[in-house]
Amino acid sequence: HAENAQRRRPLNSYIHPMRILGIDPGLQTTGFGVIDVDGHRLAYVASGTIRTTGIALGDLPGRLKLLFDGISEVASRYQPDTSAVETVFVNVNPQSTLLLGQARGAALTALVNAGLPVAEYTALQMKKAMTGHGRAAKSQIQEMVRRLLQLPGLPGTDAADALGLAITHAHAGAAMTKMAEVTQLQRRQHAVYKGGRVY
């Protein structure tokens, strides 16, 4: 997917685009998605999957190393500013939850090792942010990602989830910035009312 990479734009403006790497962790297949966010504009950079199926099922350390190396390579190639990872919840099968948790641990370690801040979102939060409800099917996430990023076709399910996490983080970041602005404004007004001057 190197051909999809965009060169980083020069920091010629006071607000520069932020690059977000989304990771949808899985022991067999981990999805990744990279987007640039410039105000309300979203731009697709790259997406794909890291597969460990070439390694024997019983070789858990080997699979985790492959995930770590793969995510490290993606972070190095696309130079994101921040990252977003799906949080794992306990499901019906404790063994698969444990394995998924270890895959997620390898992903988190790779991101932190690359010096990236990590935000975490549940699948429910991502689905709500993308479609407005938490019971969205995989196909609905794929379609929303395609529309929002103006892609020529549907991304694969794992890549779509990863891109969905990156988009969710872009929305959350915008909301947090707005909240910070409101808080700052309220503080300034409060200072005016309280002391007759702005601190």
Side-chain angles (χ1 to χ4, degrees), residues 1-2 4-26 30-50 71-72 74-88 104 107-108 110-112 114-184:
H1 293 282
N4 294 325
Q6 297 172 348
R7 294 198 68 82
R8 223 176 240 266
R9 279 166 276 181
L11 303 180
N12 54 8
S13 59
Y14 149 90
I15 299 175
H16 65 281
M18 173 175 275
R19 183 162 286 189
I20 304 172
L21 166 60
I23 297 288
D24 178 39
T30 285
F32 71 86
V34 187
I35 63 169
D36 278 345
V37 185
D38 191 354
H40 291 293
R41 288 192 301 277
L42 302 175
Y44 174 83
V45 177
S47 65
T49 52
I50 300 157
I71 293 167
S72 298
V74 167
S76 169
R77 182 183 298 179
Y78 297 109
Q79 296 288 302
D81 299 296
T82 188
S83 64
V85 180
E86 187 172 310
T87 302
V88 175
R104 191 169 166 276
L108 290 173
L111 294 169
V112 172
L116 292 173
V118 179
E120 299 179 75
Y121 299 94
T122 63
L124 184 73
Q125 286 172 318
M126 186 268 280
K127 287 176 180 181
K128 272 192 172 171
M130 293 298 292
T131 66
H133 61 95
R135 298 190 173 209
K138 292 260 186 197
S139 57
Q140 289 174 288
I141 301 296
Q142 287 172 288
E143 179 56 30
M144 282 306 294
V145 165
R146 186 191 69 74
R147 270 195 230 163
L148 288 169
L149 298 176
Q150 299 174 344
L151 300 176
L154 291 178
T157 54
D158 297 295
D161 282 354
L163 287 164
L165 287 161
I167 293 167
T168 300
H169 189 51
H171 290 166
M176 292 296 278
T177 305
K178 255 198 183 92
M179 276 170 63
E181 283 167 8
V182 169
T183 308
Q184 190 59 33

Is there any ring-ring contact (aromatic ring centres under 6.0 Å, His included) pair reaching into residues 116-145, and which pairs are they, with sequence neighbours excluded?
Y121-H169
Looking at [atom1] of [X] and [atom2] of [Y], how far apart are the two atoms once the value is rounded to the nearest 0.5 Å?
| X | Y | atom1 | atom2 | value |
| --- | --- | --- | --- | --- |
| T122 | E86 | OG1 | CD | 7.5 Å |
| L154 | R147 | CG | CZ | 10.5 Å |
| D81 | I20 | CG | CD1 | 8.5 Å |

Check L116 against P80 and note the closest heavy-atom contact, atom names and distance.
CD2-O, 3.2 Å
Closest non-hydrogen atom pair, A75 against A114
CB-CB, 4.0 Å
Mind running side-chain contact (heavy atoms from CB on, under 4.5 Å) on L111 and L21 for me, showing each step along the way?
CA-CA 9 Å; L111 294 169; L21 166 60; 3.7 Å; yes
Say whether, by atom type as modelled, one donor and one acceptor occur between the side chain of [X] and the main chain of [Y] under 3.5 angstrom.
| X | Y | answer |
| --- | --- | --- |
| S83 | P117 | yes |
| D158 | T30 | no |
| S76 | S72 | no |

Can you check whether I71 reaches F32 side chain to side chain, under 4.5 Å on heavy atoms?
no
Quick one: does V45's side chain get under 4.5 Å of Y78's, heavy atoms only?
yes
State which residues pass side chain to side chain contact (heavy atoms under 4.5 Å, CB included) with L149; sequence neighbours excluded, sorted by chain then number.
I35, L42, Y44, V145, L151, L163, I167
Show me, pair by pair, the donor-acceptor contacts under 3.5 angstrom made by side chains of residues 134-141, not counting sequence neighbours?
{"unit_1": "K138", "atom_1": "NZ", "unit_2": "D161", "atom_2": "OD2", "d": "2.6"}
{"unit_1": "Q140", "atom_1": "OE1", "unit_2": "A137", "atom_2": "N", "d": "2.7"}

